[in-house]
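Report on the structure given below.
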Amino acid sequence: MPELPEVETVRKGLNQLTLEQEIEGGEVLCDRRPSGLSHSIAHPPSVDEFLQAMRGARIVQWHRRGKYLLAQLRRKGNASGWLGVHLRMTGQLLWVAPEEPLAKHTRVRLEFKSGKELRFVDQRRFGRVWWVPADLAPEKIMTGLAKLGPEPLSEDFSVEYLRRTLERRKRAIKTALLDQSLIAGLGNIYADEALFLSGIHPETRCCDLSVSQLEELKRAVVQVLEDSLREGGTTFSHFLNVQGVNGNYAGVAWVYGRRGQLCRRCDKVIERVKLGGRSSHFCPQCQAIKN
DNA sequence: AGACTGCCCTGGCGGC
DNA sequence: TGCCGCCAGGGCAGTC
């Protein structure tokens, strides 16, 4: 499940490998579902139109907002819109030689004149690819972009912002951390890790958090993201960087995925609860409920 | 407005 | 060994 550090790692790799090379063709792989023909292109509705937009384009730069990737496109010196990608759970962007055998769940191929291919591979098919025409703002087409809260590694993400945003909310802090409209880019792994590091029980109501707890939480969120970023993302799940290499962060997970194992800090057994349809892992001693 | 729920999707795993 | 059903979860639509 790529979260901010993984998406950022992919972005950096793409900026090293894919810029200023003409896209000469591509392919969108469809498969026949009971519900009909299915593919990963969210926009435009026509696959042909998508591929036509890709042909002849070059990528100027890759950007990231939350967990969204955005490639700025140019054709013959003119702006030609944006290529947007969201990896969701299992999506991967891989920079490969054309003769590389197609992975089973390959959804999109973009062929570059330089003799390389960018492939979007996505086992569970939650991931999405968009083309946004140059005369539209990306958030008009990629509507999720418009709803994103501040970047957690920016100055906008302050203790004061957290206090102002959470002080009247009654829901659990864990579900608030996963809400992309409050903070952009956190997912289940780093939310659980940040709550452990700040000693906060995931079921604590937002409005019950003290200012010192919010300070701890803010610090912990920044720390887990920066630590993971430094290692090139987590080794968990399906994450691979563009060159097909896993990250290095997993060894230091305090609670995520450790239900039934002993807390690395106090030896109590790590527990798991369901919150908003997502599992939350926590240490019942290090993250005692505050009233 | 805020807070829920269910849905999409596939592979891996537990249980029998 | 085989089969069934459950589980993983990001974002979005729908509901109250």
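Here is how names work: the chains are called A, B, and so on, in the same order as the sequence lines, proteins then strands, and each is numbered from 1.
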- request: Kindly state whether the pair A/Phe126 / C/dG11 counts as stacked, where counting means centroids closer than 5.5 Å and planes tilted less than 30° apart.
  value: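 Base of C/dG11: not stacked against A/Phe126.
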OP1 or OP2 of [N] sitting under 4.0 Å from any side-chain N/O of [X]?
X: A/Lys104; N: B/dG11; result: yes
X: A/His105; N: B/dC9; result: no
X: A/Lys170; N: B/dG2; result: no
X: A/Arg125; N: B/dT10; result: yes

query: Has the side chain of A/Arg169 got a donor or acceptor that lies under 3.5 Å from a partner of the other kind on the base of B/dA3?
result: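 Looking at the base of B/dA3, it does not pair with any donor or acceptor on the side chain of A/Arg169 (distance under 3.5 Å).
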field: Geometric class of the A/His86/A/Tyr68 ring pair [parallel <30°, tilted 30-60°, perpendicular >60°]
entry: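 Ring orientation of A/Tyr68 relative to A/His86: perpendicular.
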task: Report the residue (A/Thr175 or A/Arg278) whose heavy-atom-nearest nucleotide on DNA chain B is the more 5′ of the two.
output: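 In this pair, the answer is A/Thr175.
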Please pick, from [options], the nucleotide with the shortest atom-to-atom distance to any side-chain atom of [X].
X: A/His86; options: B/dA3, C/dA8, C/dG10; result: C/dG10
X: A/Gln123; options: C/dG11, B/dG11, C/dG9; result: B/dG11
X: A/Arg171; options: B/dT10, B/dA3, C/dG11; result: B/dA3

- request: Any chance you could measure A/Gln180, atom CD, to A/Lys67, atom NZ, to the nearest 0.5 Å?
  value: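 A/Gln180 CD to A/Lys67 NZ: 4.0 Å, rounded to 0.5 Å.
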- prompt: Which heavy atom in A/Lys170 sits nearest to a heavy atom in A/Cys207, and how many Å separate them?
  reply: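 In terms of heavy atoms, the two residues are closest at CA-SG, 4.2 Å.
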- prompt: Are A/Phe196 and A/Trp254 close enough that their ring centres sit under 6.0 Å apart?
  reply: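 For A/Phe196 and A/Trp254, the ring centres are under 6.0 Å apart.
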